[in-house]
Peer 1: 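One structure, as structure tokens, below. Some questions next.
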Amino acid sequence: MDKIDFTNKLSNEFYFSPVKEVARRLLGKILVRIYNKELLAGRIVEAEAYGGPSDEASHAYPGKTKRNEVMFKKGGLLYVYFTYGMHFCCNAVTGPEGKGEAVLIRGIEPIAGIGLMALNRFGRMDITSKEKINLTSGPAKITQAFGISRHDNGTDLTGDEIFILNSPEIASKKISVSKRIGIKKSVDLPWRFYINGNSFVSK
DNA sequence: ATCAAGATTACCT
DNA sequence: GGTAATCTTGATA
């Protein structure tokens with residue numbers, strides 16, 4: 001494991017590329033959260049691009065609403081949504097204000113604060129290796145492990161509470177592209193990106 | 001006011 | 001493989 005450079009936060013500029021490009025480039029980057037003054041961190045290994053109102057599968061499809069308004073703000077904000085009556089999922093908003101694009105973070109490999117993540121997920125800090133894989137291998141698992149909920153919707157990712165650290169780009173031969181998961185419209189678009197063979201890619 | 005669907009997960013056979 | 005859990009949202013009236 002490479003040493004983490006906490007001074008190397010992604011700047012606002014990073015989030016202003018086209019949403020698919022940001023989704024691909026987020027692979028390997030480090031999501032960090034300061035939670036009750038404790039450090040939680042993990043490497044992003046799976047992400048999906050969601051477009052603006054022209055993408056039928058996107059929350060932005062109906063246009064700007066109270067639920068999705070953060071998607072329509074400037075890139076570099078955190079969009080958190082509630083779904084299925086019990087789960088939260090988190091996204092990085094991309095593009096200029098009004099575009100409505102975001103990247104759903106679907107898989108993370110834990111780096112720091114694993115005990116606290118386990119406490120958030122399973123209510124105890126001691127876990128088996130099998131349970132460790134289950135900590136953050138899915139979008140709603142990530143928010144539970146990181147303690148992210150509706151209160152974090154709209155958080156600035158260039159701030160000091162929840163942010164993403166830069167990391168060397170992942171070689172394209174180590175990245176796979178596929179259809180997005182769990183959607184019923186525009187199902188064939190290849191807008192999901194993940195690191196080949198990583199255990200924390202969602203199943 | 002009412003209703004159907006949902007960018008999921010855990011647990012069952 | 002299948003499905004219950006659980007509640008907010010956006011659409012329609």
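Because the structure is a prediction, the values reported are computed rather than measured. In what follows, chains carry the letters A, B, and so on, assigned in the order in which the sequence lines appear, proteins first and then strands, with residues in each chain numbered from 1. Computed over heavy atoms, backbone and side chain alike; hydrogens, waters and symmetry mates excluded.
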Peer 1: For nucleotides C:dT6 and B:dT2, find the distance between their P atoms and express it as a whole number of Å.
Peer 2: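 It comes out at 23 Å once rounded to the nearest Å.
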
Peer 1: Which residues in residues 136-151 of chain A have at least one heavy atom lying under 4.0 Å from any atom of DNA chain B?
Peer 2: A:G138, A:P139, A:A140, A:K141

Peer 1: So what does A:I183 hit on the nucleic acid, given a heavy-atom distance under 4.0 Å: a base, only sugar-phosphate, or nothing?
Peer 2: sugar-phosphate

Peer 1: Judged by modelled atom types alone, do A:E48 and A:Y50 share a side-chain donor-acceptor pair under 3.5 Å?
Peer 2: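 A:E48 vs A:Y50: donor-acceptor pair found between side chains.
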
Peer 1: Base, sugar-phosphate, or nothing: which does A:R180 touch, judged by heavy atoms less than 4.0 Å apart?
Peer 2: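 Here A:R180 touches no strand at all.
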
Peer 1: Could you check whether A:R121 gets within reach of a base, just the sugar-phosphate, or nothing at all, counting any heavy atom under 4.0 Å?
Peer 2: sugar-phosphate

Peer 1: For residues A:I148 and A:I162, determine if any side-chain heavy atom of one lies less than 4.5 Å from a side-chain heavy atom of the other.
Peer 2: yes

Peer 1: Within this structure, what is the CE-to-P distance between A:M86 and C:dT3, rounded to whole angstrom?
Peer 2: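 About 16 Å, once rounded to whole Å.
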
Peer 1: Would you classify A:Y50 as touching base, sugar-phosphate or nothing, given that sugar-phosphate means primed atoms plus P, OP1 and OP2, and contacts are heavy atoms under 4.0 Å?
Peer 2: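 The residue A:Y50 makes base contact.
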
Peer 1: Verify the ring-centre separation between A:F14 and A:F16: is it less than 6.0 angstrom?
Peer 2: no

Peer 1: Compute whether any side-chain donor of one residue and acceptor of the other, for A:N134 and A:K141, lie under 3.5 angstrom apart.
Peer 2: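 Checked: A:N134/A:K141 side chains pair up, N/O donor to acceptor below 3.5 Å.
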
Peer 1: Per the salt bridge (Lys or Arg N to Asp or Glu O under 4.0 Å) rule, what does the pair list look like for residues 26-41 of chain A, sequence neighbours excluded?
Peer 2: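 Matches after skipping sequence neighbours: A:R33-A:D152, A:R33-A:E161.
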
Peer 1: Judged by each residue's nearest nucleotide on DNA chain C, which is more toward the 5′ side, A:R67 or A:T83?
Peer 2: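 By nearest-heavy-atom nucleotide position, the 5'-most residue is A:T83.
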
Peer 1: Expressed in whole Å, how much space separates the C1' atoms belonging to C:dG1 and B:dA7?
Peer 2: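 Rounded to whole Å, the distance is 23 Å.
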
Peer 1: Check salt bridge (Lys or Arg N to Asp or Glu O under 4.0 Å) between A:E169 and all other residues, then give those that pass, not counting sequence neighbours.
Peer 2: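 Checked A:E169 against salt bridge (Lys or Arg N to Asp or Glu O under 4.0 Å); zero matches.
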
Peer 1: Starting from the 5' end of DNA chain C, give me the residue, A:H59 or A:G85, whose nearest nucleotide shows up first.
Peer 2: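 This one resolves to A:G85.
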
Peer 1: Which residues pass the salt bridge (Lys or Arg N to Asp or Glu O under 4.0 Å) test with A:K99, sequence neighbours left out?
Peer 2: A:E101

Peer 1: So, are A:E69 and A:K73 salt-bridged, with charged N and O less than 4.0 Å apart?
Peer 2: no

Peer 1: Taking the side chain as C-beta and beyond, is there a heavy-atom pair between A:E46 and A:R192 under 4.5 Å?
Peer 2: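 Answer yes - side chains close enough.
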
Peer 1: Please identify the 5'-most and 3'-most nucleotides of DNA chain B with any atom under 4.0 angstrom from a heavy atom of chain A.
Peer 2: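 So the outermost contacting nucleotides come out as B:dG6 to B:dA10.
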
Peer 1: Tell me yes or no: between the side chains of A:N196 and A:S176, is some donor less than 3.5 Å from an acceptor?
Peer 2: yes

Peer 1: What is the nucleic acid contact for A:D55, judged by heavy atoms within less than 4.0 Å: base, sugar-phosphate only, or nothing?
Peer 2: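 Nothing, no heavy atom under 4.0 Å.
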
Peer 1: Given the rule that a pair is Watson-Crick or G-U wobble with both distances under 3.5 Å, how would you write DNA chain C in dot-bracket, using | for pairs to a different strand?
Peer 2: |||||.||||||.

Peer 1: Taking NZ from A:K203 and C1' from C:dG1, how many angstroms apart are they, rounded to a whole number?
Peer 2: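 Answer to the nearest Å: 18 Å.
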
Peer 1: Would you say A:N91 and A:V103 make side-chain contact, with heavy atoms under 4.5 Å?
Peer 2: no

